[in-house]
Amino acid sequence: MSITDLETLRPPANVVAAGGRAQVTLSWDPVEGACGYLVYRADRPDGPFEPVDHLGLDVLAVPHSPYCDTTGEAGRQYWYSVAALSSVDTPGTPSAPIAATPWTNGSAQVDLVVAADSDAGVLQRPWRPMIGSEHLSHLLSTETTGGRPIGTELAAALVAAKDSFGVQTVRAHGILCDDVGVYREVDGRPVYDFTGVDRIYDRLLSLGLRPVVELSFMPADLASDPTKTVFFYRAIISPPKDWDRWAGLIRALVRHLIERYGRAEVFEWSFEVWNEANLDVFWSGTPAQFWRLYEVTARAVKDVDPALQVGGPASAAAGQIDEMLSTIDSDTPVDFVSTHTYGSPPLDIRPQLARHGRPGLPIWWTEWGVSPRHFHPVNDSVFAAAFLARGMRSAAGRIEALSYWVASDHFEELGRPESLLHGGFGLRTVGDLAKPRFWALAMLERLGDRELHVSAHGDGAGSLVEAWAGRDPDGSVAVLVWNGTLDQSKMDGHAPLNRTVNLRFTGLSGQYSLRHHRVDEHHSNIAAVWRRMSDGAAWPTEEQWDQLRETDKLARFGEDLEVEADVEMAFTLPMPSISLIELVPR
């Protein structure tokens with residue numbers, strides 16, 4: 001199938017727009033073949049209609065309904081329409097306009113019922129397979145940022161991800177960059193040196209983690225134009241000057257890894273070709289040259305061992321999926337499809353794979369996050385924590401890996417951090433303190449092995465306020481409840497979007513200890529703690545570092561309770577915030 005053959009999908013049926021306090025929730029029936037949906041809004045029934053922009057700075061489409069629009073003015077009527085997408089760039093015919101108005105007031109309550117004796121199957125955990133990191137030579141750095149050791153703290157952040165929420169592999173840029181020294185030419189002949197790679201991967205494996213070998217970027221001596229670079233560390237983004245020598249480098253690297261670490265070990269790794277070649281900033285060649293790079297690279301990996309896993313296109317903004325599967329030869333190896341997006345839950349690209357005769361191919365989002373912008377305050381916020389919970393819940397069961405980008409603020413794509421709170425991509429700060437979104441993943445991991453049914457009703461139930469519950473074999477029950485919108489204009493909170501949650505557990509028997517943990521402005525929020533104490537300073541003093549470490553914990557919300565039988569409780573859930581309620585048998 002050519003990308004020009006993509007069909008224009010029919011409009012979604014049964015589109016409903018329901019007003020609530022400071023929000024409108026839209027729902028619709030899924031459309032066969034859709035990877036996502038664009039929600040349009042206008043001030044008049046005859047338009048003009050524009051996609052609702054929740055300021056995620058990347059893909060505005062969402063993978064499914066319901067969708068909560070909080071960008072409008074309360075008390076003002078709007079008209080909405082929804083279109084299904086066959087690819088991220090191919091919206092179908094929009095649905096007929098329907099009107100809705102966000103309320104200026106209202107009860108603002110959400111009722112949740114957790115059926116503790118139900119079983120909805122294995123609770124899927126798409127956060128476990130993978131996490132992102134900077135170029136991994138950073139692990140070997142003995143330099144400091146803000147007085148903190150770079151390599152040591154990057155390693156600590158990766159270990160924290162492994163220990164706190166089960167991460168297994170690390171995806172990072174630049175294993176072929178010249179700071180690692182893998183390739184040079186002497187008297188016109190290739191010379192390989194993998195000692196730098198060995199030091200990096202030895203260190204990563206010593207942490208109990210495995211690499212996703214992102215095959216990037218181009219060594220200077222092999223580049224067709226070594227002046228084309230990206231990032232502070234000047235990674236070269238040009239095609240190779242000699243395709244045979246590029247293939248020879250890939251074969252030599254893969255062969256070396258098997259010889260050093262053993263086939264059984266490397267069989268557990270994977271190889272991803274390049275990074276975001278659909279952006280000029282990451283690929284100075286033509287699209288045709290990139291598809292040649294993919295084919296040459298994938299075949300070189302398989303030349304060493306056909307059982308090794310290789311895939312791509314590692315594209316930005318959910319792009320290039322149809323292009324890849326319609327351009328490369330049908331016998332070119334593709335063991336997984338990888339792509340990226342920011343600011344929205346990941347789209348559902350399974351219909352795209354099915355159209356190209358590759359249903360069931362593993363899907364890896366090897367980068368995902370709340371914003372693609374460096375130094376954006378949303379990255380340090382509670383808003384990002386609720387966003388993360390929503391995305392993981394959306395992805396569960398349809399995506400094999402959803403890799404948050406990245407583990408640590410020890411990160412230097414556009415230069416090293418100049419202050420503790422600088423809007424870095426990391427789940428953990430320089431100084432290795434947990435941000436709110438780190439706690440979001442830790443809370444998700446504490447849900448049980450078996451998913452439980454949760455029913456939700458009320459103002460924004462299922463769209464603004466969501467819940468995910470699970471049970472462990474010992475009878476422990478946990479539910480995570482969050483209040484969050486995709487609308488980043490509300491990242492610092494918006495009181496009309498706060499909700500009262502009435503939570504009830506059914507199907508319990510016996511006595512339990514009830515623990516309530518919270519991430520909000522005043523709980524589990526290292527950014528708020530530092531803002532209160534910093535007095536405008538860029539970095540903490542040693543005394544302040546000690547004070548920050550004292551508060552670096554998942555906070556309890558209220559006192560622990562002893563309860564029995566069916567449990568009912570009510571609490572206020574600000575927007576944004578997350579609550580974890582755990583019932584542990586006594």
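Note that the numbering runs from 1 along the sequence shown for the chain. The figures that follow rest on heavy atoms only: side chains count, while hydrogens, waters and symmetry mates do not.
- The ring pair (Phe, Tyr, Trp, His ring centres under 6.0 Å) pairs that include a residue from residues 559-586 are His516-Phe571, where partners are two or more places apart or lie in different chains.
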With a cut-off of 3.5 Å and sequence neighbours excluded, list every side-chain donor-acceptor pair involving residues 306-316.
| unit_1 | atom_1 | unit_2 | atom_2 | d |
| --- | --- | --- | --- | --- |
| Gln309 | NE2 | Ala307 | O | 3.3 |
| Ser315 | OG | Gly319 | O | 2.4 |
| Ser315 | OG | Thr339 | OG1 | 2.8 |

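- We find that Asp380 and Arg437 are not joined by a salt bridge, their nearest charged nitrogen and carboxylate oxygen being 4.0 Å or further apart.
- Tyr37 and Trp28 have tilted rings, their planes meeting at an angle from 30° to 60° on a 0 to 90° scale.
- Between Met392 and Leu402 the shortest side-chain heavy-atom distance falls below 4.5 Å.
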Do Leu583 and Phe505 pass the side chain to side chain contact (heavy atoms under 4.5 Å, CB included) test, and can you show the C-alpha distance, the side-chain angles, and the key distance before you say yes or no? CA-CA 10 Å; Leu583 297 174; Phe505 295 86; 3.8 Å; yes
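- When side chains are defined from C-beta on, Ile399 counts as touching Pro346, because their heavy atoms get closer than 4.5 Å.
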Please determine whether salt bridge (charged side-chain N to carboxylate O under 4.0 Å, His left out) holds for the pair Arg260 and Asp202, giving the CA-CA distance in whole Å, both sets of side-chain angles, and the decisive distance to 0.1 Å. CA-CA 10 Å; Arg260 181 173 182 84; Asp202 287 355; 2.6 Å; yes
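- Side chain of Asp552 to backbone of Ile526: no donor-acceptor contact under 3.5 angstrom is found.
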Full working for side chain to side chain donor-acceptor pair (under 3.5 Å) between Ser65 and Ser27: CA-CA 5 Å; Ser65 77; Ser27 61; 5.4 Å; no
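- In this structure Phe383 satisfies the ring-ring contact (aromatic ring centres under 6.0 Å, His included) test with no other residue, sequence neighbours excluded.
- Shown here are the ring-ring contact (aromatic ring centres under 6.0 Å, His included) partners of His173, two or more places apart in sequence or in another chain: Phe217, Phe231, Trp405.
- Formation of a donor-acceptor pair under 3.5 Å by the Tyr512 side chain with backbone atoms of Leu561 is not found in this model.
- In this structure, CG in Asp459 is found 7.5 Å from OG1 in Thr25, a value given to the nearest 0.5 Å.
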When you look at Val122 and Arg450, which way does the side chain to side chain contact (heavy atoms under 4.5 Å, CB included) test go after all the steps? CA-CA 5 Å; Val122 174; Arg450 307 295 297 185; 3.2 Å; yes
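- Aromatic pair Phe165/Phe438: ring centres closer than 6.0 Å.
- Taking 4.0 Å as the cut-off between side-chain N and carboxylate O, Lys435 and Asp409 count as a salt-bridged pair.
- A cation-pi arrangement is absent between Arg390 and Trp468, since the terminal nitrogen or guanidinium carbon is not both under 6.0 Å from the aromatic centre and inside a 45° cone about the axis.
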Trace of the salt bridge (charged side-chain N to carboxylate O under 4.0 Å, His left out) decision for Glu445 with Arg128: CA-CA 9 Å; Glu445 181 64 17; Arg128 278 185 177 176; 2.5 Å; yes
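- Applying the side chain to side chain contact (heavy atoms under 4.5 Å, CB included) test to Glu32 and every residue at least two apart in sequence or in another chain returns nothing.
- Residues passing the ring-ring contact (aromatic ring centres under 6.0 Å, His included) test with His135 are His138, Tyr233, sequence neighbours excluded.
- Between Tyr342 and Trp368, the ring center distance fails the sub-6.0 Å criterion.
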